[in-house]
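As the structure lists them, so they are numbered: ligands from 1, and atoms in each ligand from 1. Note: hydrogens, waters and symmetry copies are ignored here, and every other heavy atom, side chains too, is used.
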Amino acid sequence: MRIAIFSEPAQEPRVSASVETVKRLVGLGGEVLVASGAGLGSGISDADYQGAGASIAADNAAASSGAQIVLGVRRPAAADLAGIAPGALVIAIADPHGNEAALAEVAATGASLFAMELMPRITRAQVMDVLSSQANLAGYRAVVDAAAEFGRAFPMMMTAAGTVPAARVFVMGAGVAGLQAVATARRLGAVVSATDVRPAAKEQVESLGGKFIAVEDEEFKQAETAGGYAKQMSAEYQAKQAALVASHIAKQDIVITTALIPGRPAPKLVSAEMVASMKAGSVLVDLAVERGGNVAGAVAGEVVTTANGVKIVGFLNVPGRLAATASQLYAKNLYAFVETLVDKNAKALAVKWDDELVKATLLTKSGAIVHPGFGGKVEDAGAPAAA
Ligand code: NAD
């Protein structure tokens, strides 16, 4: 059972295997081939991987030659597809939304491509939840980035030279990333408030020592889907939310936005007028910038300073800004999924095509896109696929 660990494109410092997971993949019966240099962005050398039992391949093509499993952070680039064997299992954050043409290219190789971000959020798959493992780190890093851009201190300090007030931090969107941002800002000594449209977020924010601020009307009580995600709110609700938030934001030093709605552009929560109402030196960090942004004026990949001296931080791939930790957790998520695809006694692949984890994540198989969410037909999968 040959397992390839791909090296990622230049903008992706994370890697899909750690020293620990290579050891465990070898223990599963894998012959692990790591593309040379794959771990460097996460502080893992070729020698570290060799020490864990892997061999080093010159590049992705050499690593994937004869591989039954290919592990990556991102969906393999077109240039890397030629080496992938028909029937190989390719497992990555596949980013399928709006990328059907690229999916068709992967499908044409005959490989089975799995999207880790489509993993159902059920108890059994918690250990495979890449959205949570990476969003948690992004929430932490957003606060660290905000603190670095802020020209003042976060904690209250009483010194002989005078008293420094605590920074006021407002977190918008209290899911996995937002709750970690609340916790991190509290640890740094800030006065923290947070908002969300899901009622369940209230108790979670308060249990972390944050103040919860939201329009708690009838629509708010229904805003959580059965899957635990937020619904798109009505224009009326959004107007009420904006009015509440506007007066609050003007008093904040730091605003961190994390609000997302599955399958839709990020909701616009902070208007240009709200940014203009903030004091010079205030910082906004928009973690939703890759999905269109929550903050007016946020630019993907840049730190923008507005006319009134407010910084809007729009860093891309925020989990990649702590690549070593992000890779450690991502690699563990992948390993846990691979374990379910292998017969441990026979030390061979044994994919259960009707397992709900497989059905939910499988995008391509036997030359076709099979996921019904991305134009696939159920009969193409050779087994019923999940909606
Ligand atoms: P997400 O990344 O989809 O969205 C981030 C947050 O933005 C969410 O809390 C959402 O409610 C909020 N939001 C959306 N529109 C908003 C608006 N207009 N104003 C303010 N906030 C808005 O969410 P997530 O971090 O993936 O978490 C979604 C849910 O899934 C949470 O309830 C979380 O606890 C749950 N979860 C469950 C599991 C599990 O059971 N295994 C794992 C992880 C997360």
Show the numbers, then the answer: is there a side chain to side chain contact (heavy atoms under 4.5 Å, CB included) between V303 and F315? CA-CA 7 Å; V303 178; F315 291 136; 3.7 Å; yes
Is the shortest side-chain N to carboxylate O distance from [X] to [Y] below 4.0 Å?
| X | Y | answer |
| --- | --- | --- |
| K221 | E218 | yes |
| E219 | K240 | no |
| D145 | R321 | yes |

Identity and distance of the protein heavy atom lying nearest [atom]:
| atom | value |
| --- | --- |
| atom 42 (C) of ligand 1 | D129 OD2, 3.3 Å |
| atom 17 (C) of ligand 1 | V197 CG1, 3.5 Å |
| atom 5 (C) of ligand 1 | T258 O, 3.3 Å |
| atom 34 (O) of ligand 1 | Q204 NE2, 4.7 Å |
| atom 32 (O) of ligand 1 | R198 NH1, 2.9 Å |
| atom 9 (O) of ligand 1 | D196 OD2, 2.6 Å |
| atom 2 (O) of ligand 1 | L260 CD1, 3.7 Å |

Just checking R152: does its CZ atom have more than 12 heavy atoms from other residues, nucleotides or ligands closer to it than 6.0 angstrom?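 No.
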Which atoms of ligand 1 sit under 4.0 Å from any heavy atom of [X]?
| X | result |
| --- | --- |
| L269 | 17 (C), 18 (N), 19 (N) |
| Y229 | 3 (O), 26 (O), 28 (C) |
| G228 | 28 (C), 29 (C), 30 (O), 31 (C), 32 (O) |
| A174 | 9 (O) |

Test log, rule side chain to side chain contact (heavy atoms under 4.5 Å, CB included), inputs R124 and D355: CA-CA 12 Å; R124 176 163 79 95; D355 182 341; 2.6 Å; yes
Please determine if [X] has a nitrogen or oxygen closer than 3.5 Å to a nitrogen or oxygen of ligand 1.
| X | value |
| --- | --- |
| V176 | yes |
| S132 | no |
| R121 | yes |

When clusters are formed by joining ILVMFWY residues with side-chain heavy atoms under 4.5 Å apart, either directly or through shared neighbours, do L33 and I44 land in the same one?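 In one cluster with L33: I44, no.
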With distance as the sole criterion, is a donor-acceptor pair present between the side chains of R121 and Y229 under 3.5 Å?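 Side-chain D/A pair, R121 to Y229: present.
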Angle between ring planes, F374 versus H97, binned at 30° and 60°: parallel, tilted or perpendicular?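 The rings of F374 and H97 stand perpendicular, inter-plane angle above 60°.
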Winner among A259, A201, A200, A125 once heavy atoms are compared against atom 16 (C) of ligand 1: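 Ranked by closest heavy atom to atom 16 (C) of ligand 1, first place is A259.
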Nearest heavy atom to atom 20 (C) of ligand 1 wins, so pick from Q232, Q241, M233, M172.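 Considering heavy atoms of Q232, Q241, M233, M172, the nearest to atom 20 (C) of ligand 1 sits in Q241.
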pair L89-V351: side-chain heavy atoms closer than 4.5 Å: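 They are in side-chain contact.
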